[in-house]
Structure formats: C-alpha cells, structure tokens
There are 2 protein chains.
Amino acid sequence: MDVTIYEVAKRAGVSIATVSRALRGTGPVAARTREKVLKAVEELNFTPSRLGVSLAEGRHAANGIVFPDLAGPYYTEVLLGYEEVASELGRSVVILSTKGRTKVGDLVKDLAGRVDGMLIFGHTVPEPLVAELVRLGVRLVFVSREPLAGADTLRSENTASARALAGHLAGHGYERFAFLGAPLTSQDDVDQRWQGVREVLGGAIEAVDTRHYTVECGYDAALTLLRGEGRPEAIVCSDDEVALGALLAAEELGLDVPGDVAVTGWDDIMAARHARPALTTVRQPMRELGARAARALDELITGARDTPRHLVLTTELMIRSSCGGHPAAT
Amino acid sequence: MDVTIYEVAKRAGVSIATVSRALRGTGPVAARTREKVLKAVEELNFTPSRLGVSLAEGRHAANGIVFPDLAGPYYTEVLLGYEEVASELGRSVVILSTKGRTKVGDLVKDLAGRVDGMLIFGHTVPEPLVAELVRLGVRLVFVSREPLAGADTLRSENTASARALAGHLAGHGYERFAFLGAPLTSQDDVDQRWQGVREVLGGAIEAVDTRHYTVECGYDAALTLLRGEGRPEAIVCSDDEVALGALLAAEELGLDVPGDVAVTGWDDIMAARHARPALTTVRQPMRELGARAARALDELITGARDTPRHLVLTTELMIRSSCGGHPAAT
DNA sequence: TTGTATGCGTTATCAG
DNA sequence: CTGATAACGCATACAA
C-alpha cells in the first residue's frame with residue numbers, strides 16, 4: 001500500500017482526476033484513456049488509499065458495534081447478522097467490547113470517530129454519553145433497549161411472549177414457579193420477560209438473581225434453588241444458557257425434567273434443541289436483529305430516512321419437552 | 001464530529017500548530033496558551049478527526065481480524081483476547097467474516113487498507129492472496145496455521161498433546177477407536193491432532209468426517225457411528241463441540257459414557273466442564289492466542305521487531321470422567 | 001474528454 | 001514559544 005494515484009497518473013500520462021474518474025466511473029473517460037489507466041493501475045498494483053478516499057468522500061464506509069461481551073451465542077449471532085449485511089452494503093465493521101473496560105466513554109468516542117454510525121447493545125453505554133452521541137449527530141441504532149429520541153431502537157417482543165409462556169406453564173397445572181435471571185435492571189429484555197410472566201403468575205413466582213447470563217451461573221443458582229425448601233415445580237429462565245445450567249443442576253440432584261421440575265429458556269440457541277430434554281423456549285430472531293440494524297443504520301447514514309424508527313420483532317414460542325405436559329417434536 | 005482544529009485555533013486566538021501541540025504535548029506551549037486552547041477545545045467540544053490524524057500520522061491505529069465464522073467459543077475467545085489487548089494498545093479492531101462470502105480477496109484487500117496489520121485464522125484466505133499480502137508488506141500474524149515466510153504464526157501444540165491423549169486412552173485398555181472431525185484438510189490443527197493419535201493408535205483408529213465442527217454435526221456423525229457394526233470403544237473428537245454432539249448421540253441411543261463408549265474433546269470450552277459426564281479434553285489457551293497475536297502485531301507494526309516469529313503454545317490434558325478409567329475431579 | 005486547483009483535517013518541519 | 005506551510009491521498013467542481 002504505497003503507490004499513490006499520482007504515480008499511476010504519471011505512468012498513464014494523464015492527470016489524477018482522470019485516473020480517479022476511470023477507476024470509479026464517475027465521469028466521461030475515453031475508452032483508450034481508460035485502458036492506459038487500467039494498465040498502469042495493474043502494473044503498479046494500485047489500490048486507492050482508504051484514508052484518502054474517506055477524507056475526500058467524507059465518510060468512513062464503516063459501522064461500529066459495541067457490546068458488553070461475546071459470551072454465548074446471542075451477541076455473536078447478532079454480530080454476524082450485522083457484519084453480513086454491512087459487508088453487503090460495502091461497509092466494514094469495527095468492534096468494541098466494554099467488558100471489564102475502564103473509560104468506556106473514551107473508547108466509544110474514539111469509535112464514533114472511525115465510523116458512520118454504530119449499533120449499541122442495550123445499556124452498554126452510560127446514558128449521559130448516549131445523549132452526547134445523539135447530540136453530536138452520530139447515527140445510532142440500539143438493539144434490545146427501550147425507545148429513545150434521536151436514535152433507532154430494535155428489539156424482540158418480550159412481554160407478550162413471556163405471558164404466553166407463563167400461560168402455557170400454568171396450563172400444565174404448576175403452582176410454584178421461580179424465575180432465574182441476572183439482576184433485573186430496569187428496561188432491558190430480561191426485565192420485560194420477568195414482568196410478563198409475573199402478570200400471569202402473580203405471587204406464584206419468585207425471582208432469583210444469577211449474577212450473569214451463563215450456564216455456570218444458572219447451574220449454581222438452580223442448585224441452591226432446587227436444594228432448598230419448597231422447590232418450585234417450574235423454573236422460567238431468563239435465557240437458554242441459564243436454562244442449560246438449570247438442566248445440569250437438576251440432573252446433578254437426580255431430579256427428572258420435566259417430571260420433578262419443568263425448565264424453560266429464552267432465545268432458542270442451537271444447544272436448546274439438542275439439550276436433554278429438549279428445551280422449551282422462546283425463539284428470538286437474533287441474526288435478523290443484527291441484519292436489520294445494519295440496514296437501518298444504512299438508511300440513516302445515506303439519508304434515505306431521517307426520522308428514528310422503533311421496531312419490535314416477533315418471537316415464537318417453541319414448546320419442547322422440558323416444560324412437561326404434552327410432549328412435542330423437537 | 002464537525003468542528004475542526006481551525007475553529008479551535010481561531011477561538012483560542014492561536015495557530016492550528018499550537019492547538020495540535022497543546023493537545024498532544026508534542027512541543028513547547030506556554031502554560032497560559034495551553035489554557036486558552038484547552039478552554040476553546042472544551043467549549044467547542046472538539047475531537048480531532050480520526051481520518052486527519054491517521055492520514056498525517058501514516059497509521060490507522062487499527063488491527064484487522066479475518067475469521068471463517070464465529071460459531072462456537074473458539075473464534076470468539078480468540079477474538080476477545082485479541083480485542084482486549086488491541087484496545088489496551090490503543091488500537092481498534094475491524095472484523096471480517098468470510099463464511100459464505102464471495103470475493104473474499106476484495107474484502108481482505110479492503111480490510112488491509114483500513115488497518116496497520118491483521119490476524120488471519122488458519123487458511124481462511126487463499127494462499128495466493130496471502131503471498132500478495134506478504135509482498136505488499138502487510139503486517140500479518142496467522143493463528144492456527146503452519147509457519148510461513150514473511151509473517152508471524154501462532155498456534156497451540158497439537159501432535160504431542162494428541163499422542164498423550166491417545167496414550168491415556170490406550171492405557172484404559174480400549175482397542176477400537178474412532179476419530180470424529182471435519183474434513184482433514186492438510187496442515188491445520190485438526191489434521192495435526194489426527195496425526196498425533198494415529199501415531200499412537202495406528203490401525204486401531206479410523207477417521208470419520210463430520211463436515212463441520214459443530215454439536216449438530218458431531219451428533220449426526222456419532223449417531224451413525226454408534227449404530228453401526230463394530231462400535232468403537234472410544235471416540236476421540238476434533239473439538240469439544242463435536243464431542244458434546246457425540247455425548248448427546250450416546251445418550252440418545254441409551255449408551256453409557258464412558259461405560260459403553262468413551263468420548264474426548266479438544267479446547268476445553270466452558271461447556272466441557274459442565275457436560276455430563278464431564279469431558280476429558282485438551283485445554284488450549286484460546287484467549288491467550290488472541291492476546292499474543294495482538295502483541296505480536298504491535299511489535300511488527302511499531303518496528304520493535306522485524307523478523308517473523310513462530311510460536312507454539314502449550315496445552316494441558318484435562319482428564320475428566322468421559323474417558324473412563326480412574327474418575328477424576330471436574 | 002481532460003486537466004487544474006481546491007478541499008478534507010491533521011501532524012510536523014522549519015523559520016521566526 | 002509560536003506561526004506559516006508543506007505533506008498525507010484522494011475526489012470533484014470548474015475550466016479548458
């Protein structure tokens with residue numbers, strides 16, 4: 001990456017303007033001239049400097065994405081959907097993980113200076129900074145967060161799905177429930193799920209903090225829960241990984257699922273279908289969340305749309321065998 | 001991101017050179033002058049344009065990473081280790097997934113124009129292009145690949161670990177083995193593992209193609225294998241995910257692990273420890289692979305080192321219960 | 001159809 | 001200590 005447009009121009013015996021035009025087809029160029037240019041480009045192995053192009057075009061042709069971590073399939077899937085569409089649209093993606101990072105603000109601002117817009121997961125970024133970014137005119141799309149002014153938001157439906165799930169479980173005749181999830185910070189996905197099941201189950205369900213959304217944390221919390229007094233008949237988990245942990249805990253204790261205790265997850269990650277018993281869960285279109293975010297960002301950046309949009313994608317209740325009742329196909 | 005250094009200079013009543021110096025401490029600036037500049041910067045909320053800085057500095061302060069996919073913990077872990085250290089070194093990371101992508105060459109070249117160097121997994125990029133990148137002077141570090149000239153390579157030890165694993169299994173008295181892995185393309189990690197176990201087990205082990213390194217593929221392949229004639233006594237899997245699939249297949253068929261058939265994995269992903277039975281596997285320092293790659297790249301880029309280095313990280317045999325014999329702690 | 005000149009936002013050199 | 005000014009690499013109005 002050393003040869004510049006000037007060298008190409010000199011070798012082809014034309015001006016840099018002509019080289020530029022010939023390469024990007026942005027203006028009239030005589031067929032013969034084009035050939036000369038192309039030949040020179042070939043011989044010199046010229047590739048326009050991204051920096052030069054971006055500076056002149058006034059755009060980065062890159063999207064950012066900030067996530068807390070990449071543990072588990074959820075963030076990964078969204079990321080892949082995002083990257084795929086971004087790439088399709090000719091945009092690179094620059095990542096930023098905030099896990100264990102101090103000075104997130106500086107990192108996010110730096111990122112903002114490298115991209116034309118970015119996807120931010122939930123409440124990964126402190127609210128004041130979000131406000132500042134909006135004020136600075138950074139194109140933003142939030143995934144898994146409540147709507148806010150000045151940015152797109154995108155999420156999967158939670159409350160109604162949670163109600164449906166709870167209703168299904170109640171239909172099996174269970175009467176003592178537990179909700180296993182990380183700290184229920186307001187406004188995020190998990191909180192909405194909790195609210196949903198609670199609306200249906202009321203006092204029959206109690207929440208248990210798992211600290212994190214991991215198999216390990218789910219396992220630990222479930223172990224304690226299942227060993228204690230008044231073991232619940234059904235455990236509704238905040239996501240599939242926590243649920244997989246619960247499944248392991250049950251097995252560890254020699255409890256049959258769903259015979260002794262029913263377990264449900266959320267997301268429908270690949271492992272959910274393969275778990276024993278197969279996990280009843282709520283399928284959320286993770287990949288699509290990322291893909292849509294990339295498209296939305298593109299609209300915002302190109303100016304195809306200038307008013308924020310708030311979208312909620314629908315989910316699907318996947319009844320499998322871990323919740324008991326009528327056994328279903330996997 | 002609209003205010004430029006000129007506006008700051010004007011407001012502070014100084015030249016842009018002084019602003020630049022005041023901000024980066026790259027030259028003498030009177031205390032009083034500095035104050036004025038800082039005040040103007042504050043009031044205008046000025047942040048130097050990344051593009052301008054990069055163009056002038058002649059560096060992107062960014063690293064690239066190209067991977068085939070992000071399915072499973074392996075790539076994700078390496079990526080996280082990479083991003084963490086890169087961030088520590090003040091470098092962003094821009095990603096590129098090649099899965100299902102046509103024109104990988106163009107994408108990789110574009111990426112090369114956006115970063116100061118990049119990490120490439122195994123043989124994700126066609127060899128001719130690798131050669132071209134090397135020729136162009138792009139700083140490269142390959143992870144999980146055999147050494148090549150002009151670039152760093154980094155991998156975990158495979159052959160000896162595989163021999164140790166095979167030896168351990170042989171010590172349990174098994175006599176019929178199967179190796180479950182994706183197509184054994186030459187030179188990559190899995191191939192080395194296969195060679196290793198083969199050296200020890202010889203004709204007693206046969207290879208089975210799983211197409212991909214996923215739980216699903218492992219499950220399918222193991223199901224066929226375990227249903228067939230001459231069921232193996234031990235299945236050595238190319239990685240933990242395939243092994244988890246094998247575990248599920250065994251359970252599906254009502255076979256006890258390790259009673260009826262032993263199963264081993266590779267990588268020691270989190271799920272390996274939580275699997276029932278806990279998976280005997282070879283721990284590979286995935287996170288460190290990424291971290292080291294970032295450091296190596298930094299050395300190459302800053303010029304702290306100019307001759308390629310080829311590193312092999314050591315692994316650790318994790319004997320757990322899925323391989324039979326003496327039961328061990330998890 | 002082609003060339004000239006300017007802008008894009010910094011950094012850094014070299015005179016004052 | 002400070003200020004012009006030349007890079008850096010390209011795109012693009014505007015002229016010719």
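Order of the sequence lines sets the chain letters (A, B, ...), proteins ahead of strands, with each chain counted from 1.
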K.L.:
At what angle, to 10 degrees, do the two end axes of the helix from C:dT1-D:dA16 to C:dG16-D:dC1 meet, given five pairs define each axis?
P.N.:
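About 50° separates the two local helix axes.
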K.L.:
How close or far is atom C1' of D:dC10 from atom CD1 of A:Ile5, stated in whole angstroms?
P.N.:
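From A:Ile5 CD1 to D:dC10 C1': 6 Å.
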K.L.:
How would you label the contact of A:Thr4 with the nucleic acid (heavy atoms, under 4.0 Å): base, sugar-phosphate, or nothing?
P.N.:
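Contact class for A:Thr4: sugar-phosphate only.
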K.L.:
Taking only side-chain nitrogens and oxygens of B:Ser49, does any of them come within less than 4.0 Å of OP1 or OP2 of C:dT10?
P.N.:
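B:Ser49 to C:dT10 OP1/OP2: no side-chain N or O under 4.0 Å.
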K.L.:
Need to verify one output field. Residue with the more 5' nearest nucleotide on DNA chain C, A:Arg32 or A:Ile16?
P.N.:
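Of the two residues, A:Arg32 wins.
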K.L.:
Could you pull out all residues at least two apart from B:Glu7 that satisfy salt bridge (charged side-chain N to carboxylate O under 4.0 Å, His left out)?
P.N.:
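B:Glu7 satisfies salt bridge (charged side-chain N to carboxylate O under 4.0 Å, His left out) with no residue once adjacent residues are dropped.
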K.L.:
Strictly below 4.0 Å: does B:Arg24 bring a side-chain N or O up to OP1 or OP2 of C:dT11?
P.N.:
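True: B:Arg24 side-chain N/O within range (under 4.0 Å) of C:dT11 OP1/OP2.
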K.L.:
Identify whether the distance between the nearest side-chain nitrogen and carboxylate oxygen of B:Asp188 and B:Arg145 falls below 4.0 Å.
P.N.:
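Looking at B:Asp188 and B:Arg145, the cut-off is not met.
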K.L.:
Among D:dT2, C:dA12, C:dT2, which is the nearest nucleotide to the side chain of A:Ala30?
P.N.:
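Shortest atom-to-atom distance from the side chain points to C:dT2.
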K.L.:
Given C:dA12, D:dT12, C:dG9, which nucleotide is nearest the side-chain atoms of B:Ala56?
P.N.:
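Shortest atom-to-atom distance from the side chain points to C:dG9.
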K.L.:
Distance check needed: C:dT1 C1' versus A:Lys36 NZ, whole Å only.
P.N.:
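Rounded to the whole Å, the gap is 12 Å.
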K.L.:
What does A:Arg50 touch in the nucleic acid at a heavy-atom separation under 4.0 angstrom: a base, only the sugar-phosphate, or nothing?
P.N.:
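No contact.
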K.L.:
Check this for me: does any side-chain nitrogen of one of B:Glu83 and A:Arg101 sit under 4.0 Å from a carboxylate oxygen of the other?
P.N.:
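Salt bridge: yes.
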K.L.:
Under 4.0 Å from OP1 or OP2 of C:dG3: is there any side-chain N or O of A:Ser15 that close?
P.N.:
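Affirmative; the distance criterion is met.
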K.L.:
Measure CG/B:Leu55 against C1'/D:dC8 and give the value in whole Å, please.
P.N.:
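Answer to the nearest Å: 4 Å.
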K.L.:
Compare the minimum distances between each of D:dA4, C:dT10, C:dG3 and the side chain of B:Tyr6, then state the nucleotide with the smallest one.
P.N.:
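My answer, after comparing the listed nucleotides, is C:dT10.
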K.L.:
In whole angstrom, give the distance that lies between atom CD of A:Glu57 and atom C1' of C:dG9.
P.N.:
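Answer to the nearest Å: 16 Å.
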K.L.:
Could you give the CG-to-C1' distance, from B:Leu51 to C:dT11, as a whole number of Å?
P.N.:
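Between C1' of C:dT11 and CG of B:Leu51: 14 Å.
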K.L.:
Rounding to a whole Å, what distance do you find between A:Arg59:CZ and C:dG7:C1'?
P.N.:
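Spelled out: CZ on A:Arg59 to C1' on C:dG7 is 18 Å.
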K.L.:
Nearest 0.5 angstrom please: A:Arg155 CZ to A:Phe121 CZ, how far?
P.N.:
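Reported to 0.5 Å precision, the distance equals 13.0 Å.
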K.L.:
Starting at NZ of B:Lys10 and ending at P of D:dA4, how long is that distance when rounded to a whole Å?
P.N.:
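To the nearest whole Å, that distance equals 13 Å.
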K.L.:
The side chain of A:Thr33 lies closest to which of these nucleotides: D:dT12, C:dG3, C:dT1?
P.N.:
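The answer is C:dT1.
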K.L.:
Give one of base, sugar-phosphate or nothing for A:Val19, where a contact means two heavy atoms less than 4.0 Å apart.
P.N.:
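If one applies the 4.0 Å heavy-atom cut-off, A:Val19 turns out to touch nothing in the nucleic acid.
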K.L.:
Between B:Arg24 and B:Glu57, does any side-chain N to carboxylate O distance fall below 4.0 Å?
P.N.:
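The answer is yes: the pair qualifies as a salt bridge.
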K.L.:
Once you round it to whole Å, what is the distance between C1' of C:dG9 and CG of B:Leu23?
P.N.:
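Spelled out: CG on B:Leu23 to C1' on C:dG9 is 13 Å.
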K.L.:
Under the 3.5 angstrom rule, does the side chain of A:Asp189 hit a backbone N or O of A:Ser144 as a donor-acceptor pair?
P.N.:
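Side chain of A:Asp189 to backbone of A:Ser144: no pair is present.
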K.L.:
Report which part of the nucleic acid A:Pro28 touches: base, sugar-phosphate, or nothing (heavy-atom distance under 4.0 Å, all strands).
P.N.:
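Result for A:Pro28 = base.
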K.L.:
When you check the phosphate oxygens OP1 and OP2 of D:dG3, does a side-chain N or O of B:Thr18 lie under 4.0 Å from one of them?
P.N.:
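Checking D:dG3 against B:Thr18, a side-chain N or O does come within under 4.0 Å of OP1 or OP2.
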K.L.:
Do the side chain of A:Ser20 and the main chain of A:Ile16 share a donor and acceptor less than 3.5 angstrom apart?
P.N.:
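No, because the side chain of A:Ser20 does not come within donor-acceptor range (under 3.5 Å) of the backbone of A:Ile16.
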K.L.:
What's the closest nucleotide to the A:Val53 side chain, out of C:dT10, D:dA4, D:dC10?
P.N.:
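Out of C:dT10, D:dA4, D:dC10, the nucleotide with an atom closest to A:Val53's side chain is D:dC10.
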K.L.:
Scan residues 26-42 of chain A for pairs that pass side chain to side chain donor-acceptor pair (under 3.5 Å), counting only residues two or more places apart or in two chains.
P.N.:
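Passing the test, one end in residues 26-42 of chain A: A:Lys39-A:Glu43.
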